[in-house]
*Asks:* 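Mind looking over this structure? Questions follow.
Side chains are part of it too, since the values below use all heavy atoms of this structure and drop only hydrogens, waters and symmetry mates. Quick note: residue numbers are just sequence positions, from 1. All values derive from a computational prediction rather than experimental measurement.
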Amino acid sequence: MPLAEAWDSGASGWDAKKRERYANDLEWSRSLVAVTARENRQKSDQDPSTWWVPAKSASCQYLTDWVGVKTRWRLSVDQAELTALRQRAADCPNARVDVPLAD
């Protein structure tokens, strides 16, 4: 999840220490996912309402990672984002993620 998206979803109200923990969250394997520089540039700071992972085989993983990070850090979801996530979830009927909440 882009830092700008996290900021817009509630991280702007966090103290510097919590923002640093979020940006460097290595305690949960789904928090930081390595991607190519090209993919990162294409995604930029977009949320699922305006960008989706191009590899269909990675779609359900992207969905659960996105929802998991939002849940883990108790970040908000706007209406356009929620609509997009619900539409994508229809293609992932068995998707499940157990989320350890961050401090």
Side-chain angles (χ1 to χ4, degrees):
M1 175 168 317
L3 293 175
E5 171 64 23
W7 185 264
D8 293 342
S9 300
S12 60
W14 297 346
D15 63 28
K17 187 172 181 156
K18 186 169 183 177
R19 287 195 301 270
E20 182 178 356
R21 283 196 322 271
Y22 170 82
N24 298 292
D25 186 3
L26 298 175
E27 294 177 19
W28 191 48
S29 63
R30 293 175 172 233
S31 291
L32 296 173
V33 177
V35 297
T36 66
R38 180 176 180 242
E39 289 172 323
N40 201 40
R41 281 190 302 273
Q42 288 175 341
K43 179 183 62 150
S44 184
D45 62 353
Q46 299 179 78
D47 72 27
S49 68
T50 56
W51 185 89
W52 196 255
V53 62
K56 187 169 178 68
S57 62
S59 187
C60 293
Q61 184 70 48
Y62 187 76
L63 171 76
T64 56
D65 287 353
W66 187 275
V67 171
V69 170
K70 285 276 184 154
T71 301
R72 177 170 169 72
W73 291 94
R74 298 171 187 91
L75 295 168
S76 66
V77 177
D78 65 37
Q79 189 59 51
E81 181 183 358
L82 181 60
T83 298
L85 291 169
R86 284 183 173 155
Q87 289 171 346
R88 298 294 182 166
D91 295 331
C92 307
N94 298 318
R96 178 184 161 93
V97 61
D98 293 316
V99 180
L101 297 178
D103 300 334

*Asks:* For residues 68-77, dump all side-chain donor-acceptor pairs below 3.5 Å to protein atoms at least two apart in sequence or in another chain.
*Replies:*
residue : atom : partner : partner atom : Å
Lys70   : NZ   : Glu5    : OE2          : 2.8
Lys70   : NZ   : Ser9    : OG           : 2.7
Lys70   : NZ   : Ser76   : O            : 2.6
Lys70   : NZ   : Glu81   : OE1          : 3.3
Lys70   : NZ   : Glu81   : OE2          : 3.0
Thr71   : OG1  : Val67   : O            : 2.8
Arg72   : NE   : Asp25   : OD2          : 2.6
Arg72   : NH1  : Pro100  : O            : 2.5
Arg72   : NH2  : Asp25   : OD1          : 3.2
Arg72   : NH2  : Asp25   : OD2          : 3.3
Trp73   : NE1  : Asp25   : OD2          : 3.2
Arg74   : NH1  : Ala102  : O            : 2.8
Ser76   : OG   : Ser9    : O            : 3.1

*Asks:* Heavy atoms, side chains only, cut-off 4.5 Å: are Asp47 and Asp8 in contact?
*Replies:*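 No, side chains not in contact.
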*Asks:* Strictly by disulfide bond (SG atoms under 2.5 Å apart), give each pair with a member in residues 70-103 just once, sequence neighbours left out.
*Replies:*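 Residue pairs with at least one partner in residues 70-103: Cys60-Cys92.
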*Asks:* Looking only at non-hydrogen atoms, find the nearest pair between Trp66 and Gln46 and report the distance.
*Replies:*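 So the two residues come closest at CH2-O, 3.9 Å.
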*Asks:* For Asn24 and Glu20, which I'm curious about, is there any donor-acceptor pair between the side chains at under 3.5 Å?
*Replies:*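 Looking only at side-chain atoms, Glu20 and Asn24 do not form any donor-acceptor pair under 3.5 Å.
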*Asks:* Working to the nearest 0.5 Å, report the span between OH of Tyr62 and CE of Met1.
*Replies:*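 Nearest 0.5 Å value for the OH-CE distance: 7.5 Å.
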*Asks:* Using a 6.0 Å cut-off, check whether atom CG of Asp15 has over 12 heavy atoms from anything other than its own residue.
*Replies:*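 Yes, CG of Asp15 has more than 12 neighbouring heavy atoms, counting only those of other groups under 6.0 Å.
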*Asks:* What is the minimum heavy-atom distance between Ala23 and Leu3, and which atoms define it?
*Replies:*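 It is CB-CD2, 4.0 Å.
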*Asks:* What are the two closest heavy atoms between Trp28 and Asp98, and how far apart are they?
*Replies:*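 Distance-wise, the nearest heavy atoms are CZ2-O, 3.8 Å.
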*Asks:* Under the side chain to side chain contact (heavy atoms under 4.5 Å, CB included) criterion, do Leu63 and Trp52 qualify, and how do the steps go?
*Replies:* CA-CA 9 Å; Leu63 171 76; Trp52 196 255; 3.9 Å; yes
*Asks:* Donor-acceptor pairs are to be reported for all side-chain atoms of residues 82-90 against protein atoms at under 3.5 Å, with residues two or more places apart or in another chain.
*Replies:*
residue : atom : partner : partner atom : Å
Thr83   : OG1  : Gln79   : O            : 3.0
Thr83   : OG1  : Gln79   : NE2          : 3.4

